2 protein chains.
Amino acid sequence: MSQAHERPTLEAVARLAGVSRATVSRVVNGSPKVAEPIRSAVRRAVEELGYIPNAAARSLVTQRTDSIALVLPESASRVFSDDPFFPSIIHGVSQELDAADKQLVLMMTNTVGGYERVERYTTARHVDGVLFASTHGVDPLPGQLHRLGMPVVVSGRPLGRSAVPYVDVDHIGGVRAAVRHLLDSGRSRIATIAGPQDMVAGIDRLAGYRAELRGSDRRSIVAVGDFTRESGATAMRQLLEDDPLLDAVFVASDLMAHGAITTLRELGRRIPEDVAVVGFDDFDISRYTDPPLTTVRQPILELGRELARQLLRVIAGEEVPPSVVLPTELVVRASA
Amino acid sequence: MSQAHERPTLEAVARLAGVSRATVSRVVNGSPKVAEPIRSAVRRAVEELGYIPNAAARSLVTQRTDSIALVLPESASRVFSDDPFFPSIIHGVSQELDAADKQLVLMMTNTVGGYERVERYTTARHVDGVLFASTHGVDPLPGQLHRLGMPVVVSGRPLGRSAVPYVDVDHIGGVRAAVRHLLDSGRSRIATIAGPQDMVAGIDRLAGYRAELRGSDRRSIVAVGDFTRESGATAMRQLLEDDPLLDAVFVASDLMAHGAITTLRELGRRIPEDVAVVGFDDFDISRYTDPPLTTVRQPILELGRELARQLLRVIAGEEVPPSVVLPTELVVRASA
DNA sequence: TCTCTCCCTGAAAGCGCTCTCACGTGCAGC
DNA sequence: GCTGCACGTGAGAGCGCTTTCAGGGAGAGA
């Protein structure tokens, strides 16, 4: 058990069990066509030697690696700040992969040459499939890999046309519910702080706001942020300059909503009495803001899991729908 | 899946370039002993065919995989809630590995059979080395792998004796600075909310508190939490029952400090006038609490990077120190 | 001009595993 | 007793790459 390089091979097990390599291989891989006495003899030999198959040798012949890559656009500094979005995705993906006994390889595209690295690595058949966390703008890589025959699933509806299957949440439905809630509670000047307009999450949430408002006689009041707390604070200030009398704001992310709340408080507005605030995400932290944030919950963990499930299906050669959209849900707390 | 199997092999490149496989291999791996004209001919062929070496075949012969595993004890539900600790570790590790052109394989030990999976996977020589994020209690796995000759580095000083190299932060120094700060500002009844006492971070931070207090004539007032916000809120309540007149509290994590602040406010205490609060972590979010949290900053990203660097050294066969301790730093804001 | 080196290059042997194919055995059917 | 057929098992051919080893060619020294 001492030296790493002396690991037992199939050969050794075969010798000890007095059978051929082929038979050991069958037992190890659970083939049904091995007689019981031999099977248990092999099992014993495997046990005794502590045999563990060499992954490289196996995948050299099977052409599978049993691992999949999750690509994160780290450029979005969102990834590992205090925004739990990506961590939750990772968590969800990891849960599903564990269950399927696959490995998770994490890749970031931020660093210099990162993009090319991802391309090389994935096309080197180092992994059986690739998952992309939602990206900014139009990313050609998923489509490219897809065209090469590599199983790919992306998170978030891709901008531009794309044949790559994706999983997304119902941004528009969630936002409409939020805005409707504001309308129903009698708010008349409802503003929004939108997310970046080169991301689907930003675009769709603004579209939802506009769509719901269109049915009323209220005018839209829009400022744009980048999903960070700071941008939320700044945007809120702009909105109040545009319309000092606004009495509600739908903010396209919880973090921006926190920023907006800070600004509102600094400027002496009471929440929700003077201004109602609704966020989007339902991060843990939003339960602890003052006042607790009314927000649209999106099932991020589930998004990650669904992503993984779809990819596993593609890898298994099953048909998958071109898109899966998970429901969102308005969570009413004290801020609106 | 169409043309995936038609990937060019060394053989194909060799044929196109009119040389042998051996020569192509040398060029691809940057061996210096290939004449220039041949080298460029091979390069051209590689380019033309879009050749990318097959990782499995390579590692079958080299016995390297160029990827390393990061094991996270997901059981600590900390991992992917709104606690940015693990995400930052991942981020740091990933940065260093990217630079070294290694891959990051993420593993969680939470799920059923997770522990055994980690063991099998890592001993299957699927990875060149293993990193462990700090764990609860005494984890035998790192030592076990280490004994098998597998390169291993752990984050956080291991409980119990262990020959495995580790990277940690200076908990005690940071806490002492925090408590000293409270003493210096004239606080006389200084309590603490400690972390779980089966984790080094919990143990050492409490030890630091005690050590610094020992030099003064103040008595220690202790409650224990589990690093979550909720436990911080609860512990704060206990402390105030123990000593309604306490005028300062050192909290062993920022999240618990947030919980404590909530409780203090609910009970009508002003911060810092009535009770000074100091946290530990310096998460982004702590800049935005009300009031902004005075806390001990620990360099988590750097911890991740150092972890990866040490492991790469071990893998390269270099000597590494048995431990590296990174400095912590008191960040004074408004809460104390 | 001949020999000795020094470089390069190619042939070939695996790395550890899977999987096809052929073959042996035992048993039912005639 | 002989043929036919399952059913298991083993031999062996690779998967695509690296690396040792030997050999060929060119240049240098005599």
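Per chain, numbering begins at 1; letters A, B, ... match sequence-line order. These values consider heavy atoms only, across backbone and side chains, with no hydrogens, waters or symmetry-generated copies. Fair warning: this is a prediction, and the values are worked out from it, not measured in the lab.
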Nearest-Å distance for atom pair [atom1]/[atom2], residues [X] and [N]:
| X | N | atom1 | atom2 | result |
| --- | --- | --- | --- | --- |
| A:Arg39 | D:dG10 | CZ | P | 14 Å |
| A:Asp66 | C:dC17 | CG | P | 15 Å |
| A:Ile52 | C:dG16 | CD1 | P | 15 Å |
| A:Glu36 | D:dC7 | CD | P | 17 Å |
| B:Gln63 | D:dC17 | CD | P | 17 Å |
| B:Arg58 | C:dG16 | CZ | P | 18 Å |
| A:Leu60 | C:dG14 | CG | P | 17 Å |
| B:Lys33 | C:dG10 | NZ | P | 15 Å |

Closest to the [X] side chain, choosing from [options]:
| X | options | value |
| --- | --- | --- |
| A:Arg21 | D:dC17, C:dC17, C:dG10 | C:dC17 |
| A:Ser20 | C:dC17, D:dC17, D:dG10 | D:dG10 |
| A:Val19 | C:dC17, D:dG10, D:dC15 | D:dG10 |
| A:Thr62 | D:dT19, C:dC19, C:dG16 | C:dC19 |
| B:Tyr51 | D:dT18, D:dC17, C:dT18 | D:dC17 |
| A:Val61 | C:dA11, C:dT18, D:dA11 | C:dT18 |
| B:Ile38 | D:dT9, D:dG16, C:dT9 | C:dT9 |

Do the side-chain N or O atoms of A:Asn54 get closer than 4.0 angstrom to the phosphate oxygens (OP1, OP2) of C:dC15?
-> no

Among side-chain atoms of A:Arg313 and A:Gln310, is any donor-acceptor pair under 3.5 angstrom?
-> yes

Does A:Arg26 or A:Leu10 map to a spot on DNA chain C nearer the 5' end, using the closest nucleotide for each?
-> A:Leu10

Closest non-hydrogen atom pair between B:Val324 and B:Glu306, with its separation | CG1-CG, 4.0 Å

B:Pro151 versus B:Val314, closest heavy-atom pair with distance = CB-CG1, 3.6 Å

Scan residues 154-163 of chain A for pairs that pass side-chain hydrogen bond (donor to acceptor under 3.5 Å, both in side chains), counting only residues two or more places apart or in two chains.
-> A:Arg157-A:Asp204

Would you find more than 12 non-hydrogen atoms of other residues, nucleotides or ligands less than 6.0 Å from B:Glu47 atom CD?
-> no

Identify whether any heavy atom of A:Ala22 sits under 4.0 Å from a base atom; if not, whether one sits that close to sugar-phosphate; answer base, sugar-phosphate or nothing.
-> base

Reckon B:Thr23 touches a base, only the sugar-phosphate, or nothing at all at heavy-atom distances under 4.0 Å?
-> sugar-phosphate

